[in-house]
Amino acid sequence: MATDLNINSSHYFQYRPAEAAFQASFLILIMMVAIIANTMNIIVVYRNSNMQTPRYMFIMNLAIGDIGVTLLSMPFSLVTCVARKWIIGDALCKLHGFLGSFFFCASIFTLTVMSVEQYYALVRPLSRTITIQRARWMTISVWLLSAMLSMGPILGWGHFDYNSTTLSCGVAYPESTSDRLYLLTLLLIAYVIPLLSMAYVYIRILLAVSRHTDRIARYTKGGLEVMRLQRRITYTLLLVLLVFLLCWLPFVFLIVLATRNTSVSEIPYGLGVAAYWCGFFNSSVNPIIFVIRNDRFREGYRDILREVWYGLQCKRPPKLETSQLKKKWYLDKYSDGVKENPHAVLRAIPSVTPVQDIELMSDHNEDGA
């Protein structure tokens with residue numbers, strides 16, 4: 001998603017060389033972290049058969065969107081930051097504006113379907129299961145809807161233009177009611193509605209978890225730990241959402257100022273670059289959150305780094321025994337040595353997903369924090 005303040009020659013703004021150098025250095029760092037971390041997350045999911053589930057499919061989709069931003073959108077801003085003006089041409093300016101909107105929408109819509117998946121897993125596990133096939137269709141819908149929303153200026157509803165305060169091309173500062181209506185529509189569909197939907201879903205999830213925790217603790221042996229793990233999953237997704245909102249808050253503020261007809265001269269100094277650079281920064285933070293909160297990702301990182309280390313020494317890494325499924329780990333750990341039927345345990349927990357859909361997006365800590 002992108003916005004522009006319609007910088008004409010009379011309003012042209014240029015950052016000082018020292019500021020441009022700092023901006024370029026920071027953007028290069030963001031790009032390096034985003035490419036490496038998101039690529040490794042995708043490799044970990046691809047190589048681990050236990051992670052071939054709808055939830056990890058959505059996580060991979062989020063990583064693909066972040067890589068898309070890094071490889072297809074950030075380089076335009078980096079070149080402009082170094083040159084301190086747009087030198088790539090009008091056609092690429094329109095492409096840059098479209099890609100900015102496209103990847104922003106894809107990210108927030110992916111976060112929305114992730115919250116829906118978690119809702120059905122915890123609140124209504126027996127009513128409708130989100131299968132791999134359904135997850136694929138949801139993913140396709142995310143990209144199609146993002147493309148449709150971002151094509152407005154290409155089809156004549158609004159227009160793309162270069163903004164020297166953001167060092168990017170995007171939807172131009174609204175000059176007419178139609179332009180303003182497009183910005184408001186974009187803000188409503190790609191920010192307000194998903195935000196309200198996720199707020200409702202996560203409130204329902206947290207209430208359900210809180211309501212069932214005591215009952216599960218009384219009637220099951222391994223169930224309380226399952227609920228703690230699922231609650232930690234919810235906290236992880238909430239953390240991802242919170243970071244997303246914080247990173248894109250300057251950008252939304254910039255859009256609000258544009259829709260209120262605030263003149264370019266009244267825009268706070270540095271807000272333009274902050275709006276885009278903070279959004280770019282989100283692409284490098286997402287994979288780090290999952291690595292910190294998810295032991296499967298950490299184990300996958302260790303395996304990859306270990307293989308790279310042995311590869312640099314021209315040695316073949318020693319074979320490791322395949323680790324047991326985590327669900328077996330916690331059922332054995334919390335059953336006090338009693339041989340229990342996992343299906344029987346989980347049937348007593350109506351607010352938890354079936355055995356094959358259990359996702360351990362967290363560490364197996366005793367406190368369940």
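In this chain, residues are counted from 1 in sequence order. Atom set for the values below is all heavy atoms of this structure, side chains included, hydrogens, waters and symmetry mates excluded.
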Sole candidate of Leu62, Val116, Leu195, Val142 that passes side chain to side chain contact (heavy atoms under 4.5 Å, CB included) when paired with Leu111: Leu62
Give a yes or no answer on whether the side chain of Arg296 reaches the backbone of Asn50 with a donor-acceptor pair at less than 3.5 Å. yes
Are Val273 and Ile28 joined in one hydrophobic group, where the rule is that I, L, V, M, F, W and Y side chains link up if heavy atoms are under 4.5 Å apart? yes
Compare every heavy atom of Asp66 with every heavy atom of Pro287, then report the nearest pair and how far apart it is. CD-OD2, 4.5 Å
Going through the distances and angles, do Ser77 and Ser168 end up as a side chain to side chain donor-acceptor pair (under 3.5 Å)? CA-CA 6 Å; Ser77 296; Ser168 303; 3.0 Å; yes
Taking it one step at a time, do Ile292 and Thr236 satisfy side-chain contact (heavy atoms from CB on, under 4.5 Å)? CA-CA 10 Å; Ile292 293 174; Thr236 299; over 6 Å; no
If you measure from the SG of Cys278 to the SG of Cys247, is it under 2.5 Å? no
Using a distance-only test with no angle check, is there a side-chain donor-acceptor pair under 3.5 angstrom linking Asn41 and Tyr56? no
Which value, rounded to the nearest 0.5 Å, describes the distance between Tyr182 atom OH and Leu187 atom CG? 11.5 Å
Regarding Glu299 and Arg47, does a basic nitrogen lie under 4.0 Å from an acidic carboxylate oxygen? no
Could you tell me the separation between the CD1 atom of Ile205 and the CD atom of Gln118, rounded to the nearest 0.5 Å? 5.0 Å
For Tyr202, look at atom OH and say whether over 12 heavy atoms of other residues, nucleotides or ligands are found less than 6.0 Å away. yes
First locate atom CG of Leu95, then atom CG of Asp90, and finally report the distance between them rounded to the nearest 0.5 Å. 11.5 Å
Start with the C-alpha distance between Phe280 and Ser73, add both sets of side-chain angles, then the distance that settles side-chain contact (heavy atoms from CB on, under 4.5 Å), and finish with yes or no. CA-CA 9 Å; Phe280 291 153; Ser73 188; 4.0 Å; yes
State whether a side-chain donor-acceptor pair under 3.5 Å links Thr110 with Asn61. yes
When you measure from the side chain of Gln52 to the backbone N and O of Met57, does any donor-acceptor pair fall under 3.5 Å? no
Answer yes or no: is there a side-chain heavy-atom contact under 4.5 Å between Thr131 and Arg136? no
For the pair Ser284 (side chain) and Ala34 (backbone), establish whether a donor and an acceptor sit closer than 3.5 Å, ignoring hydrogens and angles. no
Report the C-alpha separation of Asn286 and Ile59 in whole Å, then their side-chain angles, then the decisive distance to 0.1 Å, and conclude whether the side-chain contact (heavy atoms from CB on, under 4.5 Å) test is met. CA-CA 9 Å; Asn286 282 336; Ile59 293 175; over 6 Å; no
Counting only heavy atoms not in Phe281, do more than 12 fall under 6.0 Å of its CZ? no
Minimum heavy-atom separation for Pro194 and Phe109, please, with both atom names. CG-CE2, 3.9 Å
Answer with yes or no whether the hydrophobic clustering places Val240 together with Tyr200; edges join I, L, V, M, F, W, Y residues whose side-chain heavy atoms lie under 4.5 Å apart. yes
Going through the checks in order, is the ring pair (Phe, Tyr, Trp, His ring centres under 6.0 Å) test met by Phe98 and Phe160? CA-CA 8 Å; Phe98 169 79; Phe160 293 123; 7.5 Å; no
What one should report as the nearest heavy-atom pair of Cys81 and Ala24 is SG-N, 3.4 Å
Measuring from Phe253:CZ to Leu271:CG, what's the distance to the nearest 0.5 Å? 6.5 Å
Keeping the roles fixed (side chain from Trp86, backbone from Gly89), state whether a donor-acceptor pair exists under 3.5 Å. yes
Indicate the atoms forming the closest heavy-atom contact of Val291 with Phe297, along with that distance. CA-CB, 4.0 Å
Would you check if Asn282 and Val69 make a side-chain contact, meaning some heavy-atom pair closer than 4.5 Å? no
Which pair of heavy atoms, one from Leu186 and one from Leu149, lies closest together, and at what distance? CD1-O, 3.8 Å
When you compare the side chain of Phe26 with that of Ile30, does any pair of heavy atoms fall below 4.5 Å? yes
Please examine the side chains of Leu78 and Leu167, heavy atoms only from C-beta on, and report whether any two atoms are closer than 4.5 Å. no
Are Leu242 and Met198 grouped together when hydrophobic residues (ILVMFWY) are joined by side-chain heavy atoms under 4.5 angstrom apart? no
Does Phe104 have its ring centroid less than 6.0 Å away from the ring centroid of Trp248? yes
Nearest heavy-atom neighbours spanning Ile87 and Ala83: CD1-CB, 3.9 Å
Are Val285 and Phe244 close enough that some pair of their side-chain heavy atoms sits under 4.5 Å apart? no
Mind checking whether Leu246 and Ile289 sit in one hydrophobic cluster, side chains of I, L, V, M, F, W, Y counted as touching below 4.5 Å? no
Give a yes or no on whether the backbone of Cys169 and the side-chain of His96 come within a donor-acceptor separation of less than 3.5 Å. yes
Check whether any side-chain N or O of Thr166 sits under 3.5 Å from a backbone N or O of Gly272 as a donor-acceptor pair, and report yes or no. no
For residues Phe103 and Ser146, determine if any side-chain heavy atom of one lies less than 4.5 Å from a side-chain heavy atom of the other. no
Please check this pair: side chain of Asn294 against backbone of Phe290, looking for a donor-acceptor N/O pair closer than 3.5 Å. no
Indicate if Phe22 and Val82 have the same hydrophobic cluster label, given that clusters are the connected sets of ILVMFWY residues with side-chain heavy-atom separations under 4.5 angstrom. no
Using distance alone, with no hydrogens and no angle criterion, decide if Ser197 and Thr112 have a side-chain donor and acceptor under 3.5 Å apart. no
Under 6.0 Å between ring centres, would you say that holds for Trp143 and Phe102? yes
Measuring from atom CD of Glu117 to atom CZ of Arg55, what distance do you get when rounded to the nearest 0.5 angstrom? 4.0 Å
CE-CE distance between Met138 and Met114, expressed to the nearest 0.5 angstrom: 11.0 Å
